[in-house]
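Here the structure is laid out as structure tokens; the discussion comes afterwards.
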Amino acid sequence: MVNAAPRREDPPEARVADGDPRPAGPGSNPGHKAVLEGPDIRRALTRIAHEILERTKGGDDVVLLGIQTRGVTLARRLAELLERVEGRPVPRGSLDATMYRDDLRMKPARALNRTELPAGGVDDRIVVLVDDVLFSGRTVRAALDALGDLGRPRAVQLAVLVDRGHRQLPIRADYVGKNLPTSMRETVRVMLAENDGRDAVLLGPADGRPRSAEGRHG
Ligand SMILES: O=P(O)(O)OC[C@H]1O[C@H](OP(=O)(O)OP(=O)(O)O)[C@H](O)[C@@H]1O
Ligand SMILES: O=c1cc[nH]c(=O)[nH]1
């Protein structure tokens, strides 16, 4: 399980009592606390990779599909971990579900990202959707609709780094890095080195207003 206890590789400011959130560090807003640091994220992803192999009986038919934006980075990292264990490449791709959202009209327009499938497609495969945060479930609902237009997987599973609760749809994750109880007045920000320059999961106030799936883009 993810361990918040101080470790030698943590920066000095991280060495606080077990269970206490750590100061958020560089690149983050004041008032945000780091609930996971780089080593925690690495351990969580390693555990998820092993769980995927166990549940899919060696991962032979697995395709990892990262949901834009940070889900794509996490899918890449998971693929590398699976490849290290299995000694063969694991097909992966990316999914932008923006056009399938049910709250498109309520949000500022945003640029579309790439949807890319591996050469073998997704038909008859076990697709593991990967995202950084699971909240209302509306992004995953949109991703399932997008996937339905791309093929017919044998099964679809969901892996998330953080499940912060507050589901508005009957969606659950099969693989969870960390269950993080939150209030609607908080926001969870996942930072990844490839996207943000460092690895951390930050918990902080939601810009002074409760964050909900209504009126936001996801
Ligand atoms: O369960 P939900 O309520 O849908 O929230 C979860 C989604 O919110 C965030 O994405 P966001 O739309 O902020 O885009 P980003 O990943 O590109 O930053 C996060 O990356 C998840 O995809
Ligand atoms: O707090 C939240 C809610 C949805 N998506 C995020 O990335 N963070």
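Counting starts at 1 for both ligands and their atoms, following the listed order.
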With heavy-atom distances below 4.0 Å as the criterion, list the atoms of ligand 1 near [X].
X: T139; result: 2 (P), 4 (O), 5 (O), 6 (C), 7 (C), 22 (O)
X: R70; result: 18 (O)
X: S136; result: 1 (O), 2 (P), 3 (O), 4 (O)
X: D132; result: 19 (C), 20 (O), 21 (C)

Salt bridge [X]-[Y], side-chain N to carboxylate O under 4.0 Å:
X: E186; Y: R164; answer: no
X: D199; Y: R42; answer: no
X: D96; Y: R101; answer: no
X: R88; Y: D60; answer: yes

### Q168 side chain to R138 side chain, donor-acceptor N/O pair below 3.5 angstrom
yes
### D131 heavy atom under 4.0 Å from ligand 1
yes
### Query
Hey, does R110 sit under 4.0 Å from ligand 1 if you only count heavy atoms?
yes
### Query
Are Y100 and L150 connected, step by step, through hydrophobic side chains (Ile, Leu, Val, Met, Phe, Trp, Tyr) whose heavy atoms are closer than 4.5 Å?
no
### Task
Just let me know how R164 lines up against ligand 2, side chain, backbone, both or neither, with a heavy-atom cut-off below 4.0 Å.
side chain
### Under 3.5 Å: N/O of V140 near N/O of ligand 1
no
### Message
Looking only at distances, can you tell me whether any N or O atom of I67, backbone or side chain, sits closer than 3.5 Å to an N or O atom of ligand 1?
### Response
no
### Message
Side chain, backbone, both or neither: which applies to Q68 and ligand 1 if a contact is any heavy-atom pair less than 4.0 Å apart?
### Response
backbone
### Query
Considering the options K178, R198, R43, which one meets the salt bridge (charged side-chain N to carboxylate O under 4.0 Å, His left out) requirement together with E37?
R198
### Task
Would you verify whether the NZ or CZ of R55 falls within 45 degrees of the ring axis of Y175 while also being under 6.0 Å from that six-membered ring's centre?
yes
### Task
Give the atoms of ligand 2, by number and element, whose distance to some non-hydrogen atom of V188 is under 4.0 Å.
1 (O), 2 (C), 6 (C), 7 (O), 8 (N)
